[in-house]
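Below is one structure, written out as structure tokens, with a few remarks after it.
Predicted, not measured: the structure shown is a model, and the values here were computed from it.
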Amino acid sequence: MKIANQNNRAVLISGDQALDIEQASSGRFPADIAALFHVWQEFSEWAQSASFASAGDLRQDQFGAPSPTPLQGFGIGVNYAKHVAEAGWPVPEYPLVFPKFPTSVTGPGTTIALSGPRVDWEVEAVIVIGREAHKVSADDAWDYVAGVTIGQDFSDRDVQQRPESHPQFGLGKSFPGYSAIGPVLVTPDEFDDRNNIALGSLLNGKEVQNSSTSDLIFPVGQLIEYISGIVTLTPGDLIFTGTPSGVGTAWNPPRFLREGDVIESWITGIGQMSHTFAGPEPAHA
Ligand code: ZN
């Protein structure tokens with residue numbers, strides 16, 4: 001099953017058709033996709049046999065973030081074996097988890113203001129939680145996942161490294177638009193192997209990242225076990241699962257995003273999204 005947030009209404013997708021979930025269910029399920037995650041089990045059952053008789057055209061140009069207002073967003077650092085190698089880091093003993101503050105969420109086709117001269121791209125598979133989860137085991141973890149979407153964990157490398165003695169990643173990865181997700185949410189059963197999902201990104205049409213979630217040091221099950229062992233995950237929450245090699249900071253010389261650059265991101269079985277970069281916002285509102 002694929003769903004999207006089209007013109008601020010939850011839609012079920014089949015081919016190039018979009019079915020308005022609130023209308024097709026005669027109001028049983030909400031138009032607000034964020035509210036839909038709170039009734040995900042019941043919705044999933046209803047969706048199995050939903051009629052597309054009243055479906056309209058799919059309009060990807062009207063898509064917003066598939067979970068636009070998560071209560072919590074998490075990012076995982078140093079989680080791809082090759083990315084860890086390119087940066088010269090040791091393999092971590094525990095997942096490196098940082099907040100992606102929810103106000104940084106944007107949809108799949110937006111223009112984003114650069115926050116400084118050292119902003120980087122990070123394509124990621126993003127998990128959207130479909131059921132409250134606390135102390136869930138890795139074996140059961142996928143049962144708590146609504147679906148997978150494409151993410152970009154845009155990162156201001158200067159801010160991410162502050163303060164030098166005790167770097168905290170959260171703020172540097174939470175400027176407006178730096179948690180980009182979309183275009184659709186795909187349920188785990190749609191993937192041939194949900195632990196081997198191909199993903200990549202292109203800078204101005206040239207490939208810069210190309211990998212698979214099979215290279216994750218801590219796969220999705222282990223991430224959910226670890227995070228839910230500490231906090232309670234809630235429906236609609238996002239987990240950015242980490243980025244593969246090919247980020248700009250690891251280039252020689254480094255290459256950071258500039259005004260006018262376009263980053264395209266793709267995941268096999270989900271689709272692709274595109275973001276354009278604008279110059280910085282004024283220092284003060
Ligand atoms: Zn990341």
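- Residue pairs meeting the side chain to side chain donor-acceptor pair (under 3.5 Å) criterion with at least one member in residues 262-285, sequence neighbours excluded: Gln152-Ser265.
- Taking the side chain as every heavy atom from C-beta outward, Asp20 and Ser54 never approach each other to under 4.5 Å.
- Between Ser212 and Asn196, the side chains place a donor N or O and an acceptor N or O closer than 3.5 Å (distance only, hydrogens not considered).
- Between the Lys173 side chain and the Ser155 main chain, no donor and acceptor come within less than 3.5 Å of each other.
- Phe218 CZ to Leu96 CG: the interatomic distance, rounded to the nearest 0.5 Å, is 9.5 Å.
- Just one of Asp120, Ile112, Leu203 meets the side chain to side chain contact (heavy atoms under 4.5 Å, CB included) condition when paired with Leu257; it is Leu203.
- Asp61 meets the salt bridge (charged side-chain N to carboxylate O under 4.0 Å, His left out) test with Arg59; sequence neighbours excluded.
- Across all non-hydrogen atoms, the minimal contact from Thr149 to Pro183 is OG1-N, 4.3 Å.
- Test Ile224, Leu238, Val145 against Leu233 for side chain to side chain contact (heavy atoms under 4.5 Å, CB included) and you get one pass: Ile224.
- Although no hydrogens or angles enter the test, the distance criterion places a donor-acceptor pair under 3.5 Å between the side chain of Glu190 and the main chain of Met1.
- The CD1 atom of Ile197 sits 6.5 Å away from atom CD1 of Ile267, with the distance rounded to the nearest 0.5 Å.
- Between Pro66 and Gly182, the closest heavy-atom pair is CD-CA, 3.7 Å.
- Between Leu199 and Ser211, some side-chain heavy-atom pair lies under the 4.5 Å cut-off.
- Aromatic ring centres of Trp121 and Trp251: separated by under 6.0 Å.
- Considering every non-hydrogen atom in both Ala146 and Pro188, the closest pair reads O-CD, 3.6 Å.
- Looking at His83 and Trp89, their side chains come closer than 4.5 Å, going by heavy atoms from C-beta outward.
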For Val184 and Ile13, what are the C-alpha separation, side-chain angles and deciding distance, and is it a side-chain contact (heavy atoms from CB on, under 4.5 Å)? CA-CA 9 Å; Val184 298; Ile13 293 170; 3.5 Å; yes
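- A distance-only check finds no donor-acceptor pair linking the side chain of Ser228 to the backbone of Thr232 [under 3.5 Å].
- Evaluation of the side chain to side chain contact (heavy atoms under 4.5 Å, CB included) rule for Ser115 yields Val119, Asp156, Phe175, Tyr178 as partners, not counting sequence neighbours.
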Let's go through Ile127 and Thr241 carefully: what are the C-alpha distance in whole Å and the side-chain angles of both, what is the deciding distance for side-chain contact (heavy atoms from CB on, under 4.5 Å) to 0.1 Å, and is it a yes or a no? CA-CA 7 Å; Ile127 296 302; Thr241 56; 3.9 Å; yes
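- Checked by atom type, the side-chain pair Ser201/Gln209 shows a donor-acceptor distance below 3.5 Å.
- Inter-residue side-chain proximity for Ile227 and Ile239 is flagged as met; some heavy-atom pair is nearer than 4.5 Å.
- Side-chain N or O atoms of Asn204 include one that pairs as donor or acceptor with a backbone N or O of Val262 at under 3.5 Å.
- When side chains are defined from C-beta on, Phe256 does not count as touching Leu114, because their heavy atoms never get closer than 4.5 Å.
- Counting only distance, with no hydrogens or angles, the side chain of Ser174 and the backbone of Phe101 share a donor-acceptor pair below 3.5 Å.
- Looking only at side-chain heavy atoms (C-beta outward), Asn195 and Trp142 come within less than 4.5 Å of each other.
- Rounded to the nearest 0.5 Å, atoms CD1 (Ile76) and CZ (Phe240) are 11.0 Å apart.
- Taken from OG1 in Thr187 to CD1 in Ile3, the straight-line distance is 9.0 Å, to the nearest 0.5 Å.
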Before giving the answer on salt bridge (Lys or Arg N to Asp or Glu O under 4.0 Å), spell out for Asp261 and Arg255 the whole-Å C-alpha distance, their side-chain angles and the decisive distance to 0.1 Å. CA-CA 11 Å; Asp261 278 347; Arg255 167 65 161 90; 2.9 Å; yes
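- Taken together through direct or relayed side-chain contacts under 4.5 Å among Ile, Leu, Val, Met, Phe, Trp and Tyr, Leu185 and Trp46 form part of one hydrophobic cluster.
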Check step by step if side-chain contact (heavy atoms from CB on, under 4.5 Å) holds for Phe63 and Met273. CA-CA 10 Å; Phe63 281 6; Met273 60 178 190; over 6 Å; no
Let's go through Arg157 and Glu122 carefully: what are the C-alpha distance in whole Å and the side-chain angles of both, what is the deciding distance for salt bridge (Lys or Arg N to Asp or Glu O under 4.0 Å) to 0.1 Å, and is it a yes or a no? CA-CA 12 Å; Arg157 299 302 186 197; Glu122 294 193 350; 2.8 Å; yes
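- Between Ala10 and Leu36, the closest heavy-atom pair is CB-CD2, 3.9 Å.
- The two residues Val186 and Gly269 have their closest heavy-atom pair at CG2-O, 3.5 Å.
- Counting heavy atoms from C-beta outward, Val148 and Ile270 have side chains that approach closer than 4.5 Å.
- Going from atom OG1 of Thr213 over to atom CD of Glu124 covers 12.0 Å, rounded to the nearest 0.5 Å.
- Scanning both residues, Gly151 and Val126, for their nearest heavy atoms gives CA-CG2, 3.5 Å.
- Side chain of Asn5 to backbone of Ala65: a donor-acceptor contact under 3.5 angstrom is found.
- A side-chain donor-acceptor contact under 3.5 Å links Gln48 to the backbone of Ser44.
- Judged by distance alone, the side chains of Thr234 and Asp237 do bring a donor and an acceptor atom under 3.5 Å apart.
- Proximity of Val105 to Pro70: side-chain heavy atoms (C-beta onward) are separated by under 4.5 Å at one or more points.
- Partners of Lys100 according to the salt bridge (charged side-chain N to carboxylate O under 4.0 Å, His left out) rule, which considers only residues two or more places apart in sequence or in another chain, are Asp153.
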With side-chain contact (heavy atoms from CB on, under 4.5 Å) as the test, would you mind laying out the steps for Tyr80 and Ile217 before giving the verdict? CA-CA 6 Å; Tyr80 277 83; Ile217 295 169; over 6 Å; no
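- To the nearest 0.5 Å, atoms CZ (Phe37) and CZ (Arg131) are separated by 15.5 Å.
- Applying the salt bridge (charged side-chain N to carboxylate O under 4.0 Å, His left out) criterion to Glu22, with sequence neighbours excluded, gives Arg9.
- The local environment of CG in Asp193 is crowded, with over 12 non-hydrogen atoms from other residues, nucleotides or ligands closer than 6.0 Å.
- With sequence neighbours left out, the salt bridge (charged side-chain N to carboxylate O under 4.0 Å, His left out) criterion links Arg118 to Asp158.
- Checking Ser137 against Asp139 by side-chain atom types alone, no donor-acceptor pair falls below 3.5 Å.
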